[in-house]
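If you're wondering where the values come from, they're calculated on a predicted model, not measured in any experiment. Below, chain A is the first sequence line, B the second, and so on; all start at residue 1. Excluded from the calculations below are hydrogen atoms, water molecules and symmetry mates; all remaining heavy atoms, backbone and side chain alike, are included.
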Number of protein chains: 2
Amino acid sequence: MNISDIAKMAGVSPSTVSRYLNNGYVSEEKKRVIRKVIDETGYAPLTSAQNLRNRKMNVIGVIVPKISSESISHIVDGITDRLRDTDYQIFLANTDNNVKKEIEYLELFENNFVDGVILSATDFTAKHRQILKRYNKPVVIASQNVPGFPCVYNDDEEAAYNAVTHLAQQGAGHIAYLGVMEEDLSAGHGRHMGYLRALADAGLEADKNLEKIVDFTIYSGYNGIQELIDSGEKFDGLFCATDNIAIGAINCMRYSGLKVPDDVKTAAVGDSVVSKALFPSLTTVHLYYDEIGRESADMILGFLDGTAKSTRQLKLSSELCVRESSTFMPDAVS
Amino acid sequence: MNISDIAKMAGVSPSTVSRYLNNGYVSEEKKRVIRKVIDETGYAPLTSAQNLRNRKMNVIGVIVPKISSESISHIVDGITDRLRDTDYQIFLANTDNNVKKEIEYLELFENNFVDGVILSATDFTAKHRQILKRYNKPVVIASQNVPGFPCVYNDDEEAAYNAVTHLAQQGAGHIAYLGVMEEDLSAGHGRHMGYLRALADAGLEADKNLEKIVDFTIYSGYNGIQELIDSGEKFDGLFCATDNIAIGAINCMRYSGLKVPDDVKTAAVGDSVVSKALFPSLTTVHLYYDEIGRESADMILGFLDGTAKSTRQLKLSSELCVRESSTFMPDAVS
DNA sequence: CTGAAAGCGCTTACAG
DNA sequence: CTGAAAGCGCTTACAG
């Protein structure tokens, strides 16, 4: 069932059917009969033929490090949302935190499947830069600030700054830091910088012995704070680069007899769904990941339709959510 | 840069280049020179032309209700994993729990983009059935048992049965139920049935007043148990259809002065990442969603390569994870 | 307003 | 082992 069949059944030429389907320079009479035939047959043009002919896929490639991550899935939700009323579909590529896979997809997408790419990388390497320098399709980097390339990202520095400043205001004088590797420009470097700047502005001394680099898991947070406790260092505040790290850390502190927030005021960044439902509920910073997705999609759409000509960077703000872990413990418990 | 350009540069015909790229019935000498040209130019065949010619997309469509859900993302992880070493890519369609969108994608995929579909629906309607009855591509239903159609699913009934039986063994005599709507065959109907069967087998009486239908959110769990408490009904056990419901419920009980597990032994289904890190940690049933993804992908691959000819249903087992919420409260707390 | 023709880039019988 | 030819289904100048 192709366009010629439809044309025959409708008693017109394939050109006319095509015109009906596209621009629509067709007489009302023929429109009627073509519509009828299409309705009856359920005909739909074959996209691969259209793609070949039009050099257009109507698909956006979305490369993400891990789909089973709350932040990533919200980015994807945001993209989906923005693309909803367009003709574009999403082609999702999951790299499983594997930089090699990421590069492969970038190269695959350059000649295939998609009209543009939204890339959420954890680590933007020289190789990334080299490929994107001469990429033949528009690319938007979601959730990371990469100067010189189109990107949409959170102000991680501000997020951390606000959380740590809040801890200081709550009376914490020795605020420990549980973060992730600096190579991660957003969650790693950015939040660490915010932590340091907040300490400085609050007149507190930075202490390398109170800082630990862990990874993104709950367990890693648990172990990280355990080491700190075992080392004998004293702290009355704790800032964690992510909610998951904080969840693990709080759990460990509880089993170690340290009370949150009484002994250790704690805050993190992420505002994951559970952060509100934890006990104590977690003071954390809400990052608008869905906005990142929406704005990234919007930006790529701009490049695709020619509206946006020059490169651009969009930085989004965040919102501190003060909860029990830095303030007070509800009565019911004691 | 197309196959003819490459052919000219290599001094051969396009047919030979094509053969080099595919079957490979080419002399060693020409292979060498073609390889050289391709390496230098970075040429890659245009997929849309191949798609048109071969009537093959090398893409699996994956329709999911919500990507920002832990179980769904694990299904997607599993699919990605199984497809890793094949030529297939994933085309992800996010329906946002909108049945209409689900139908639209199903229809879209019938003539476009993909060779086969993995569908994770919450609600399998008559419309679904009607479309899939005469679908022209293989479809596998992930995470739901739909007799007559290929599917891979959890034994939800068994999962609930084991959890509730465990609560009874821990001494709970009045086990409340916080579940989701029966239309959801898996999380709703299946787990409810398991709950009822477990009560019966434990010699406990089912009590409609101890059952509440809520939705999938933490808040809904909170409110559900609040209503139950307000109604004055007494219960010393609680089974929740999902972890999130349990998280909300436990939180509510805490604020209401009910101790978990001392006053109310609690269990759920899901084994989400946080369930281990909650306080008390949550007794729950681990469902192998990644396995569902892997097996669904495997099944569709079987249909696509012709290995699998007849329809089939695959039911996966689960694993009860006993934790604090049904057993004991660690010392550190009291 | 409409149709015949050409062509997008690829692959695969077919003939040699 | 290799190349010329035909064709996948569509769209868009072009001529009328």
Heavy atoms only, 4.0 Å cut-off, all strands: where does A:S27 land among base, sugar-phosphate and nothing? sugar-phosphate
Phosphate contact (D:dG3 OP1 or OP2) by B:T16 side-chain N/O below 4.0 Å: yes
Just to confirm, is there a sub-4.0 Å distance from OP1 or OP2 of C:dT2 to any side-chain nitrogen or oxygen of A:K30? yes
Could you list the residues that satisfy ring pair (Phe, Tyr, Trp, His ring centres under 6.0 Å) with A:Y288, not counting sequence neighbours? A:H286
Any side-chain heavy-atom pair from A:S120 and A:P65 closer than 4.5 angstrom? yes
Could you tell me how far apart B:L52 (CG) and C:dT11 (C1') are, to the nearest whole angstrom? 11 Å
Are B:L316 and B:L314 close enough, and set up right, to give a side chain to side chain contact (heavy atoms under 4.5 Å, CB included), and what steps lead you there? CA-CA 7 Å; B:L316 301 180; B:L314 177 62; 4.0 Å; yes
Mind calculating the distance between CZ (A:R32) and C1' (C:dC1) to the nearest angstrom? 15 Å
Please give, in whole Å, the distance from C:dG9 P to A:N112 CG? 14 Å
Please work out which of the three classes, parallel, tilted or perpendicular, describes the rings of A:F109 and A:F113, given edges at 30° and 60°. perpendicular
Would you mind telling me which residue lines up with the more 5' stretch of DNA chain C, B:M1 or A:Y25, judged by nearest nucleotide? A:Y25
Whole-Å distance, B:K8 NZ to C:dG9 P, equals 11 Å
Contact class for B:S18 vs. all strands (heavy atom < 4.0 Å): base, sugar-phosphate, or nothing? base
Taking atom P of C:dG7 as reference, at what distance in whole Å does atom CZ of A:R55 sit? 14 Å
Please list, for nucleotides 14-16 of chain C, all pairs of protein and nucleotide N/O atoms separated by less than 3.5 Å.
none

Among D:dC8, D:dT11, D:dG9, which is the nearest nucleotide to the side chain of A:N2? D:dG9
How is B:Y20 classified with respect to the nucleic acid when contacts are heavy atoms under 4.0 Å: base, sugar-phosphate, or nothing? nothing
Cut-off 3.5 Å, side chains only: do A:S48 and B:N51 have a donor facing an acceptor? no
For A:T125, run the side-chain hydrogen bond (donor to acceptor under 3.5 Å, both in side chains) check against A:R129, A:K127, A:H128 and tell me which one passes. A:H128
Nearest-Å distance for atom pair CD1/P, residues A:I3 and D:dC8: 14 Å
Using OP1 and OP2 only, check whether a side-chain N or O of A:S13 sits under 4.0 Å from C:dG3. yes
Would you kindly give the CD-to-C1' distance between B:Q50 and D:dG7, to the nearest whole Å? 16 Å
Counting any heavy atom closer than 4.0 Å, what does A:L46 reach on the DNA or RNA strands: base, sugar-phosphate only, or nothing? sugar-phosphate
If you look at every strand shown and take non-hydrogen atoms under 4.0 Å, does A:N54 touch a base, only sugar-phosphate, or nothing? sugar-phosphate
Range-with-range stems of DNA chain C (Watson-Crick or G-U pairs under 3.5 Å, three or more in a row): C:1-3 with D:14-16, C:5-12 with D:5-12, C:14-16 with D:1-3
We want to know whether A:E183 and A:H189 form a side-chain donor-acceptor pair, criterion being a heavy-atom distance below 3.5 angstrom. no
Rounded to the nearest Å, what distance is computed from the CG atom of residue B:N51 to the P atom of nucleotide C:dT11? 10 Å
Examine B:F149 together with B:F124 and report whether their ring centres are nearer than 6.0 Å. yes
